[in-house]
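One structure below.
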Amino acid sequence: MTVSNADIGELLWRESEAAEGQRRYALRRAARAALHLWPEEAAAVAASGAELTSLAYVGPRIAARIERWLERQPEVTAPPATRRGYMTRADAVRILRRDPSWTTRYRGDLQLHTTFSDGAATLTQMSEAAAARGYEFVAITDHTKGLPIAGGKDEIAFAGQATEIAARNHQLEEEGARLRVLRGIEMNLDSKGEGDMDPALLRTLDVVLGAFHSQLREREDRTERYLAAVRNPEVHVLAHPRNRMFSRRVGLSADWSRVAALAAELDKALEIDATPDRQDLDVETLAVVKDAGCRVAIDTDSHSVMELQFVDFGLAAALAAGIPEDRVVNFQPRDELLSWTASLRERAAHV
Ligand SMILES: [Zn+2]
């Protein structure tokens, strides 16, 4: 029995709950780093003779604590439900080693936020970072007007963003870059699965994500709400479906086999939001989804440039769950991706 990074993260998290001020902050930051950033197990680092302080956000005091845990191997009781079922960065790296082609096959991210809504980086900065990762496309999917707390914008603002994206694509073309920026949106859905934007605008976009952002703590079965969202003719991808959040909420429950079956029937995609605090859909739910055969989108939901690296969590989840490669929309070349969303739009026009 060795102490895993998940155990260390949980132990640090528990200590942070008993601490205050600067100490609490340092412990919480190290706990998050254990889960999100450390690429290998602390136990392996220690065994190799390297310093634990080589791991992100580990200072001498926290290193001493971890060393003690590695020595004594304390029994770590199960974390509360809000912190259960999340993989660590080291887990993701280990899973992806089984088939490194999953990383190279990834052509682009379909959920990115910019300063247009609640992102920290501009369209230019995000697309530069995506180009540096070798991507063929990224979709800019800022928030819509129904979510003012996240800087959601209206139709007129999105039409303005189109001009900005066209100019950026022109620039990328002149630079000989492979990357193109797609026009997307993360449309806020109400509890009936209805969107908050004019379909006329939505039909000018390359990809439309739909997501719930309210009433996320209901405990009853919410299958109907999800079926309505998947049925929404304007929505191509259901983003962060469960709406869970690490240490904050467990997310909504539904009969995922039914939701996935409807998605398969309508040729829609369910998302794996790779944000480490989300990991939504998670491996367990994906194993259920897989049998329905629906499409899956693996996106980072990045709000900053550094978050693009978290795609590994999504790729690892899909690989671990056994999602077939041809179901992953991000593995398709850009023109195939666009013909898929165009075909959905075509269908919507006939509803
Ligand atoms: Zn969202």
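Bear in mind the structure is a predicted one, so any value in this text is a computation, not a measurement. Just so you know, ligand 1 is whichever comes first in the structure, and atom 1 is the first atom listed for that ligand.
- Side-chain contact, R168 with S127: a donor N or O sits under 3.5 Å from an acceptor N or O.
- Other residues sharing the hydrophobic cluster of M245, ordered by chain and number and joined by side-chain separations under 4.5 Å: none, the residue standing alone.
- With sequence neighbours excluded, no residue satisfies side chain to side chain donor-acceptor pair (under 3.5 Å) with T103.
- Any protein N/O/S atom under 2.8 Å from the Zn ion (ligand 1) was counted, giving 3 altogether.
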Could you go through the ring pair (Phe, Tyr, Trp, His ring centres under 6.0 Å) check for Y57 and W38 one step at a time?
CA-CA 10 Å; Y57 299 114; W38 303 351; 9.7 Å; no
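- In this structure, R94 does not pair ionically with E40, as no charged nitrogen and carboxylate oxygen lie closer than 4.0 Å.
- Pairs of residues two or more places apart, or lying in two chains, that qualify as salt bridge (Lys or Arg N to Asp or Glu O under 4.0 Å) and include a residue from residues 229-246 are R203-E234, R242-D282.
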